Amino acid sequence: MEIIIGRDQNTRQLNINKDGQTKLYGQPGSVPMDVSRNHASLQPMGAGRWQIKNLNDRNVTFVNGIAVESKTISESDRIELGNSHYLFRWDALQEPKVETVDIRPLKKIWTSYDEQKFDTQIAERKFNAARSATGIITMLAIACSIILGHGPIYIMIYAIAIGVSAAFTYQAYVKSTDIPKQQRDLTKRFQQQYICPKCGHFMGFTDYDILIQNDACPYCKTKYKK
């Protein structure tokens, strides 16, 4: 394995080419112009030793302040490139750590929210169906009392129907405020819990199975641990 180090032509950062993969290190404009694009090579020798070599006769490379063409070195040595003595830092060769965040706990939060939302919708539909049925019963009782007369039995049926209607009307008033409140509280809890564990952003009303198809949080860009 040979690592080529030098100046990136476009950004003037340190360009590190390893196994055909290029990585830029440092701030843009930080590498002096007297560091060539292919300045030196580094070859691992084992046991923490490296072989550094100039790749062009016009290049200047310093090891502990002494100009060299080729030398066996270790990471305790100070490497400088070019007459400007650009300091090569060994951590430039390290692979950047990829931070990940575990979003698997969000599955339970989504499942609970989805089930509770479904239960609330079912309860609302049952309530609306029962209210419609009560209205029909009341209308039938009134129709029967008109058609069949006003005998005691029909008056009693009529009274029962009206009583049921009144009771349900009261329940309707209670339910009309209770169900929306349950839905509001459910949504509020979900928005507080269904968040990125890293940055705390709400992940939206996206099904967990769809959310997990992404590789990273859309806000902080932290990679997902799936």
Side-chain angles (χ1 to χ4, degrees), residues 1-107 110 194-204 206-226:
M1 176 186 67
E2 184 180 49
I3 300 174
I4 307 299
I5 57 176
R7 172 180 49 83
D8 181 74
Q9 183 178 10
N10 297 318
T11 66
R12 284 184 55 199
Q13 294 171 275
L14 185 66
N15 187 310
I16 302 169
N17 191 300
K18 178 181 178 182
D19 297 330
Q21 299 293 321
T22 298
K23 181 181 74 170
L24 299 180
Y25 177 84
Q27 297 296 321
S30 60
V31 179
M33 293 297 294
D34 60 353
V35 176
S36 70
R37 285 180 287 174
N38 295 295
H39 194 94
S41 68
L42 287 166
Q43 287 186 323
M45 307 295 290
R49 310 291 287 177
W50 295 80
Q51 183 76 21
I52 190 168
K53 181 181 178 182
N54 270 334
L55 295 179
N56 190 301
D57 293 340
R58 292 172 295 178
N59 296 342
V60 181
T61 300
F62 297 92
V63 176
N64 300 325
I66 301 174
V68 300
E69 289 298 319
S70 179
K71 184 176 178 60
T72 300
I73 60 175
S74 69
E75 294 185 13
S76 63
D77 291 315
R78 181 182 178 89
I79 310 302
E80 296 169 313
L81 307 178
N83 288 316
S84 298
H85 290 263
Y86 171 80
L87 179 62
F88 169 76
R89 298 185 181 276
W90 288 99
D91 59 4
L93 300 181
Q94 297 177 358
E95 294 296 329
K97 293 182 178 179
V98 178
E99 188 175 7
T100 61
V101 62
D102 189 357
I103 66 167
R104 289 174 294 183
L106 296 184
K107 182 176 182 178
W110 171 263
Y194 200 61
I195 61 176
C196 171
K198 176 65 178 179
C199 66
H201 269 88
F202 174 52
M203 306 306 290
T206 304
D207 190 305
Y208 176 81
D209 290 335
I210 297 177
L211 179 67
I212 201 68
Q213 294 176 12
N214 298 321
D215 292 327
C217 172
Y219 302 101
C220 65
K221 309 303 180 183
T222 304
K223 295 287 185 180
Y224 289 155
K225 179 182 178 181
K226 304 178 182 179

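As the structure is a computational prediction, the values presented were derived from the model and not from experiment.
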Counting only N and O atoms by type, is there a donor-acceptor contact under 3.5 Å from the side chain of W90 to the main-chain atoms of D77?
yes
Looking at side-chain heavy atoms only, is the closest gap between L14 and F88 below 4.5 Å?
yes
Do the side chain of D34 and the main chain of S84 share a donor and acceptor less than 3.5 angstrom apart?
yes
Measuring only between side-chain heavy atoms, which start at C-beta, is I79 closer than 4.5 Å to I52?
yes
Can you say whether the rings of Y194 and W110 are parallel (under 30°), tilted (30 to 60°) or perpendicular (over 60°)?
tilted
Carefully, step by step, assess R89 and D91 under the rule salt bridge (Lys or Arg N to Asp or Glu O under 4.0 Å).
CA-CA 5 Å; R89 298 185 181 276; D91 59 4; 5.7 Å; no
Are T61 and E80 side-chain neighbours, meaning at least one heavy-atom pair lies under 4.5 Å?
no
Taking every non-hydrogen atom, the tightest pair across V60 and H39
O-NE2, 2.8 Å
Has the side chain of D8 got a donor or acceptor atom that lies under 3.5 Å from a matching backbone atom of N10?
yes
Are the side chains of R12 and M33 in contact, using a 4.5 Å heavy-atom criterion?
yes
Should R104 and K225 count as side-chain neighbours, where that means a heavy-atom distance under 4.5 Å?
yes
Answer yes if the side chains of Q51 and S70 hold a donor-acceptor pair under 3.5 Å, and no otherwise.
yes
